[in-house]
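Notes follow the structure.
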2 protein chains.
Amino acid sequence: MRKPDPLLVTRSADRFSALGAEPRLQILRLLLAAHPEGMVAGEVQEELAIPASTLSHHLEKLKQVGLVKVRRESTYLWYSADTDALREVMNFLYEECCTRSRAVPAESVVQISR
Amino acid sequence: MRKPDPLLVTRSADRFSALGAEPRLQILRLLLAAHPEGMVAGEVQEELAIPASTLSHHLEKLKQVGLVKVRRESTYLWYSADTDALREVMNFLYEECCTRSRAVPAESVVQISR
DNA sequence: CGCATATTTCGATAATTGCGGAAATACAGA
DNA sequence: TCTGTATTTCCGCAATTATCGAAATATGCG
């Protein structure tokens with residue numbers, strides 16, 4: 001059984017926590033659907049009908065744990081999903097469930113999807 | 001692009017939230033490593049040095065969102081990871097990142113691991 | 001039944017998080 | 001520089017969550 005890497009566990013917990021609020025999960029879903037350009041904050045706000053300040057807090061949280069990136073384009077802020085972080089999260093689960101333990105068969109994960 | 005299924009999104013958010021606390025993530029890791037038998041509550045407690053009542057709450061939360069199952073064996077309660085729920089969580093991420101969006105290439109998820 | 005062990009439930013508190021209006025900041029263009 | 005739009009930051013409040021000791025419950029055994 002492989003070495004756990006405490007930092008990865010902590011980082012993953014932080015990211016799960018960020019994904020654990022439905023508004024934020026919805027935000028990320030939107031950004032993924034708009035990948036790789038991402039979306040301007042106001043566009044997200046309009047789509048989800050969230051007050052600007054609340055949205056800003058959520059985006060900040062997602063950014064803080066590395067799940068989203070932001071770039072400025074004049075007055076606009078473009079937010080986009082950080083695929084490296086997402087990959088790391090998915091890999092973490094894959095490792096824990098399918099490699100370190102064999103609790104979940106690897107094939108079953110990438111399947112069902114169709 | 002496929003239908004989102006609002007219930008799945010909510011359920012996933014709840015599960016991410018449960019995974020978003022490091023003690024609980026550690027608990028799940030232990031249970032996965034001990035899969036499929038799982039572990040007795042007291043064994044988990046000893047391993048992680050968490051007060052019994054605190055641990056009990058964490059286990060309750062994990063159980064509530066479906067990530068762990070429990071069975072009684074005389075005085076002992078055996079907790080174990082619920083692989084169906086874990087598979088659903090992994091599939092959700094896979095769908096969002098690799099299918100609905102192509103943000104993360106599918107191969108890169110199951111790789112790197114080894 | 002009464003005891004010992006395993007675990008949960010109660011009750012109370014501290015800490016964190018979510019939220020959103022109002023004010024502040026950033027930027028572009030006239 | 002003044003104005004308008006985009007977005008964040010400030011501030012405070014409400015709600016949820018994390019913790020944990022103590023008491024309660026569950027179970028098996030002598």
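Chain identifiers are assigned alphabetically (A, B, ...) following the order of the sequence lines, protein sequences preceding nucleic acid strands; residue numbering begins at 1 within each chain. The basis for the numbers below is simple: all heavy atoms, side chains too, and nothing from hydrogens, waters or symmetry mates.
Within the 4.0 Å cut-off from OP1 or OP2 of D/dT27, at least one side-chain nitrogen or oxygen of B/Arg72 is found. At the phosphate of C/dA6, neither OP1 nor OP2 sits under 4.0 Å from any side-chain N or O atom of B/Thr75. For the OP1/OP2 pair of C/dT8 and a distance below 4.0 Å, the side-chain nitrogens and oxygens of B/Tyr79 include at least one atom meeting the criterion.
Here the nucleotide nearest the side chain of B/Val40, chosen from C/dT8, D/dT17, C/dA6, is C/dA6. Nearest nucleotide to the side chain of A/Ala21, out of C/dT8, D/dT7, C/dG18: C/dG18.
One atom, OH of B/Tyr76, and another, C1' of D/dT25, lie 17 Å apart when rounded to the nearest Å. Atom-to-atom, CG of A/Leu59 to P of D/dT9 comes out at 11 Å; the value is rounded to the nearest Å. Distance, A/Arg71 CZ to D/dT8 P: 14 Å, rounded to whole Å. Summarising the geometry, the separation between CD on A/Gln45 and P on C/dC19 is reported as 14 Å, rounded to the nearest angstrom. Rounded to a whole Å, the CD atom of B/Glu43 is 15 Å from the C1' atom of C/dT7. Atoms CG (B/Leu48) and P (D/dA18) sit 16 Å apart, rounded to a whole Å. Going from atom CH2 of B/Trp78 over to atom P of C/dT7 covers 10 Å, rounded to whole Å. B/Asp14 has its CG atom 14 Å from the C1' atom of D/dT17, to the nearest Å.
Taking for each of A/Glu73 and A/Arg24 the nucleotide of DNA chain C with the nearest heavy atom, the 5'-most of the two is the partner of A/Arg24.
Heavy-atom contacts from other residues, nucleotides or ligands closer than 6.0 Å to CD of A/Glu46 number 12 or fewer.
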Give each protein N/O atom lying under 3.5 Å from an N/O atom of nucleotides 19-23 of chain D, with the pair distance.
from: D/dT19; atom 1: OP2; to: B/His58; atom 2: NE2; distance (Å): 2.6
from: D/dC20; atom 1: OP2; to: B/Thr54; atom 2: OG1; distance (Å): 3.2
from: D/dC20; atom 1: N4; to: B/His57; atom 2: ND1; distance (Å): 3.3
from: D/dG21; atom 1: N7; to: B/Ser53; atom 2: OG; distance (Å): 3.2
from: D/dG21; atom 1: O6; to: B/Ser53; atom 2: OG; distance (Å): 3.1

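B/Ala41 comes within contact range of the sugar-phosphate backbone alone, with a heavy-atom separation under 4.0 Å but no base atom that close.
Between B/Arg87 and B/Asp84 a salt bridge is recorded (basic side-chain N to carboxylate O distance below 4.0 Å). Residues A/Glu95 and A/Arg100 are not paired through a salt bridge, judged by the lack of any N-O separation under 4.0 Å between the basic side chain and the carboxylate.
Distance CG/B/Leu30 to OG/A/Ser101: 11.5 Å, rounded to 0.5 Å. Distance NE2/A/His57 to CD/A/Gln64: 13.0 Å, rounded to 0.5 Å.
Using a 3.5 Å distance cut-off with no hydrogens or angles, the side chains of A/Ser80 and A/Glu37 do not pair a donor with an acceptor.
For the ring-ring contact (aromatic ring centres under 6.0 Å, His included) test, residues two or more places apart in sequence or in another chain that qualify with A/Phe16 are B/Phe16.
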